[in-house]
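Worksheet for the structure shown next.
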Amino acid sequence: MKQNVKKVVTESYLSLAEEMGWSGETDGAFDISIPKDVKFGDFSCNIAMILASRHKTKPRGMAEKLSERIRDSDLFSSVLVAGPGFINMTVKPIHWVERLKEILDADESFGCVDTGESKKVLVEFVSANPTGPLHIGHGRGAVVGDTLARIMRKAGYDVHTEYYINDVGLQMDNLGRSTIARCFESLGKSFDEPPYKGDYIKDIARRFLETKDADLFSESDDKLVEQARDFTASCIMDDIRADLKEFRIEFDEWFSEMSLHTNGDVEKTIEILKENNHIYESDGALWLKTESAGDEKDRVVRRANGVTTYLASDIAYHKNKFDRNFDTVINVWGADHHGYVPRMKAVVKALGRDPSKLVVRLVQLVSLKKSGQSLSMSTRAGVFATLREIMDEVGVDATRYFFLMRSSDSQLEFDVDLAKKQSSENPVFYVQYAHARCCNIFVTAREREIDPAPFDKNIDLSLLQGKDELALIRKLLELPDVVESCAISLQPHPVTQYLTEVSSLFHYFYRHNRVVTDDPALTRARLFLTKAVRIVLRNGLDILGVNAPERM
RNA sequence: GCGCCCGUAGCUCAGCUGGAUAGAGCAUCGGACUUCUAAUCCGAAGGCCGCAGGUUCGAAUCCUGCCGGGCGUACCA
């Protein structure tokens, strides 16, 4: 609808400009907005205030002239100039109501837009080290990344999702040593303090022992560490995959850091950067020039002992990403990695690629609120809730929804008690209940043997012009705008807000109007509306990866 | 020190590509069930939008400087 309005305004402006001898287009430099207050109509436009100075005229006067032309359109029931020069437009109710058909026709694809123009986008997220179970911080990043991918698919992008497995490096060796230490411990032998102290290592150590003969421990230390490392990492990755699957997150690809070493990509990439004079040697180590591209200092890619750093792998990984010709490469990172952003931008530049095509979406930390107490996550203090624990306690739907309610830029306090409530105080139940209500209305209609196929062309939609109905309809038609704006801003949280608004308007409508009545024509029209509400709620919840139950 | 994020109702947070009287949920208080689910709805109360300047027709929103909180500042990943 907004597009239609914008078109009318633009055409009116161009016709006025021609008459007045003004040059230039509108440049799209004005907004059609939905006013907060209904008394300002359905749409408001600031074009006169934006463009008046350009033509050395007064906003108010220009708005008056424009509104005369806009009034020629059949779309509006009223066009008024207000305040400093706003043009407030009210669309004829019948035009709103008629558009319900679009929702029913589009059905599952209602909400889809084509802003993405099939551009190829890579979304890399989670990518947690396989050194322990996912915690709720990872969980937030996981849902944000996953939902972003879902939104961008709806917005017409060609999306590829990926999990980068950091299965190489010092930390991984430490992981192997931790398992070995627990093995020795369970065999009653003396052991070194394990770098990773979590209980999950004990369990893995037990399984590791089962697969090995006791004489394994006569093997060389290096070989043993390697075996323990790979075994442990693979156990933990299995758990991570299982957790994510249950959390309704699937990846197109699980990308192993190790593979970049075994296929020689890391060395090859270093050679290329050396040849291009981006890498130099100092103190026996190889350094990448990142400072000149905005980083705080240059960074080591290969230590004096010949071992490459994490950054070296990441360079090769990002070269690989860009070689796959994505139009945009999105990385979803925990905010504790924000210092890494300039470095990565510098890497992309050194690779001869456009740094603006790398977009890093930072997701702030999560804390838990439980029984009135606030618990911040701290790995050091050993206080952290795993994703599995929270999923088991509050359920997947509420966990996902709560992770998506806030802007990624804000730290999130997860209210466990609220998330567990099965009542309208809980936003996710509020929305799901609205959906279930829609479904139940159809159950009632069937029970009363009302025309089972009411959605034919004979429905008199003009019966839906009540205030409650129009407010609801206007809101329903916003879904595509919400999808588009979320895809552009790379923020999923407005969807939750939108769904709350739709639900609220529907509950209100439901409470004050009966859908199934003795009036067949009205019943059919309202069933039509109810169907549209159901589609919007279901599609919206689907974007979030949250179930839309038919009964509750 | 430097960098990033945050500072809005009692609490948790939206709103930030500038727009008209600043919103939601929770908590508090008061109402509404012979009706398609009261798992709902209606109403009340609650605010120097951290502080101070600047930009302009207009600033919670943009700029500058402070103050407060979180995170980060590795040849770890």
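Per chain, numbering begins at 1; letters A, B, ... match sequence-line order. Keep in mind that the numbers below use all heavy atoms, side chains included, and drop hydrogens, waters and symmetry copies.
Between the C1' atom of B:G23 and the NZ atom of A:Lys475 lies a distance of 12 Å, rounded to the nearest Å. Atom C1' of nucleotide B:A38 and atom NE2 of A:His512 are separated by 13 Å, given to the nearest angstrom. Atoms CZ (A:Phe506) and C1' (B:C42) sit 18 Å apart, rounded to a whole Å. When the P atom of B:C4 is taken as reference, atom NE2 of A:His338 falls 8 Å away, rounded to whole Å. The interatomic distance linking A:Tyr430 (OH) with B:C41 (C1') rounds to 9 Å, in whole Å. One interatomic measurement links the two molecules: NZ of A:Lys421 to P of B:C26, which rounds to 9 Å at whole-angstrom precision. Across the protein-nucleic acid pair, A:Glu296 atom CD and B:C2 atom P stand 12 Å apart, rounded to whole Å. To the nearest angstrom, P of B:C42 lies 14 Å from CZ of A:Phe509.
Using a 4.0 Å heavy-atom criterion, one finds that A:Glu257 contacts the sugar-phosphate atoms exclusively. Across all strands shown, A:Val341 has no heavy atoms under 4.0 Å from either base or sugar-phosphate atoms. Looking at heavy-atom distances under 4.0 Å, A:Lys297 makes contact with sugar-phosphate atoms alone, never a base. Counting any heavy atom pair closer than 4.0 Å across all strands shown, A:Gln364 reaches sugar-phosphate atoms only and no base atom. At a threshold of 4.0 angstrom between heavy atoms, the contacts of A:Asp468 with the nucleic acid are absent. Residue contacts shown for A:Arg302 are absent, as no nucleic acid heavy atom lies under 4.0 Å away. Here A:Asn174 lies out of heavy-atom contact (under 4.0 Å) with every strand.
Residues that satisfy the side chain to side chain contact (heavy atoms under 4.5 Å, CB included) test with A:Pro194, not counting sequence neighbours, are A:Ser178, A:Ala181, A:Arg182, A:Phe191. The salt bridge (Lys or Arg N to Asp or Glu O under 4.0 Å) search around A:Arg406 returns none, not counting sequence neighbours. Listed by chain and number, the residues in a salt bridge (Lys or Arg N to Asp or Glu O under 4.0 Å) with A:Lys36 amount to none (sequence neighbours excluded). Not a single side-chain hydrogen bond (donor to acceptor under 3.5 Å, both in side chains) links A:Thr262 to another residue, sequence neighbours left out. Residues meeting the side chain to side chain contact (heavy atoms under 4.5 Å, CB included) test with A:Arg60, sequence neighbours left out: A:Glu64, A:Val81. Among residues two or more places apart in sequence or in another chain, the side chain to side chain contact (heavy atoms under 4.5 Å, CB included) test is passed with A:Gln364 by A:Arg140, A:Ala335, A:Gln411. Taking A:Leu311 as the reference, A:Arg299, A:Val301, A:Thr309, A:Ile315, A:Tyr340, A:Arg343, A:Val347 meet the side chain to side chain contact (heavy atoms under 4.5 Å, CB included) condition, with sequence neighbours excluded. Not counting sequence neighbours, A:Asp230 has no partner by the salt bridge (Lys or Arg N to Asp or Glu O under 4.0 Å) test. With sequence neighbours excluded, the residues forming a salt bridge (Lys or Arg N to Asp or Glu O under 4.0 Å) with A:Glu393 are A:Lys370, A:Lys420, listed by chain and number.
For A:Pro427, whose side chain is taken as the heavy atoms from C-beta onward, the closest listed nucleotide among B:G72, B:C36, B:G25 is B:G25. When each of B:C36, B:A74, B:A77 is scored by its nearest atom to the side-chain atoms of A:Asn129, the top-ranked nucleotide is B:A77. When distances run from any side-chain atom of A:Tyr510 to the nucleotides B:C75, B:A77, B:A38, the shortest one goes to B:A38.
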Discussion item. Base contacts versus sugar-phosphate-only contacts with protein, heavy atoms under 4.0 Å: please encode nucleotides 11-20 of chain B as B, S and - from 5' to 3'.
Written reply: -BSSS---BB
Worksheet item: Please, what dot-bracket string fits RNA chain B when only Watson-Crick and G-U pairs with both distances under 3.5 Å count, crossing ones use [ ] and pairs to another strand use |?
Response: (((((((..((((.....[...)))).(((((.......))))).....(((((..]....))))))))))))....
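With centroids closer than 5.5 Å and planes inclined by less than 30 degrees as the test, A:His337 and the base of B:A77 pass as a stacked pair.
If you take atom P in B:G25 and the same atom in B:G43, they sit 11 Å apart, rounded to whole Å. B:G10 and B:C49 have their P atoms separated by 12 Å, given to the nearest Å. A gap of 15 Å separates the P atoms of B:A59 and B:C51, to the nearest Å. When the P atom is used for both B:C48 and B:G23, the distance is 15 Å, rounded to whole Å. When the P atom is compared between B:G50 and B:C13, the two are found 15 Å apart, to the nearest whole Å. B:C26 sits 37 Å from B:U64 when the C1' atoms are compared, rounded to a whole Å. The P atoms of B:U28 and B:G65 are separated by 44 Å, rounded to the nearest whole Å. On the C1' atoms, B:A60 is 11 Å away from B:G7, given to the nearest whole Å.
Applying the 3.5 Å distance criterion, the base of B:A39 shares no donor-acceptor pair with the side chain of A:Arg437.
Nearest-nucleotide mapping onto RNA chain B: of A:Asn426 and A:Leu365, the residue sitting toward the 5' end is A:Asn426.
Near RNA chain B, meaning a heavy atom under 4.0 Å from it, residues 307-315 of chain A has A:Thr309, A:Tyr310 in order of number.
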Practice prompt. Decide ring-ring contact (aromatic ring centres under 6.0 Å, His included) for A:Phe255 and A:Tyr317; before the verdict, give the C-alpha distance in whole Å, the side-chain angles of both, and the deciding distance to 0.1 Å.
Written response: CA-CA 9 Å; A:Phe255 197 107; A:Tyr317 180 37; 4.7 Å; yes
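Cation-pi check for A:Lys6 over A:Phe43 is not met; the charged atom does not lie both under 6.0 angstrom from the ring centroid and within 45 degrees of its normal.
Base orientation of B:C33: syn (glycosidic angle within 90° of 0).
Salt bridge annotation for A:Lys297-A:Glu291: absent, with no cationic side-chain nitrogen under 4.0 angstrom from a carboxylate oxygen. Salt bridge A:Glu550/A:Arg534: present, at least one basic N to carboxylate O contact under 4.0 Å.
Side-chain contact between A:Phe40 and A:Leu80 is absent, with no heavy-atom pair separated by less than 4.5 Å.
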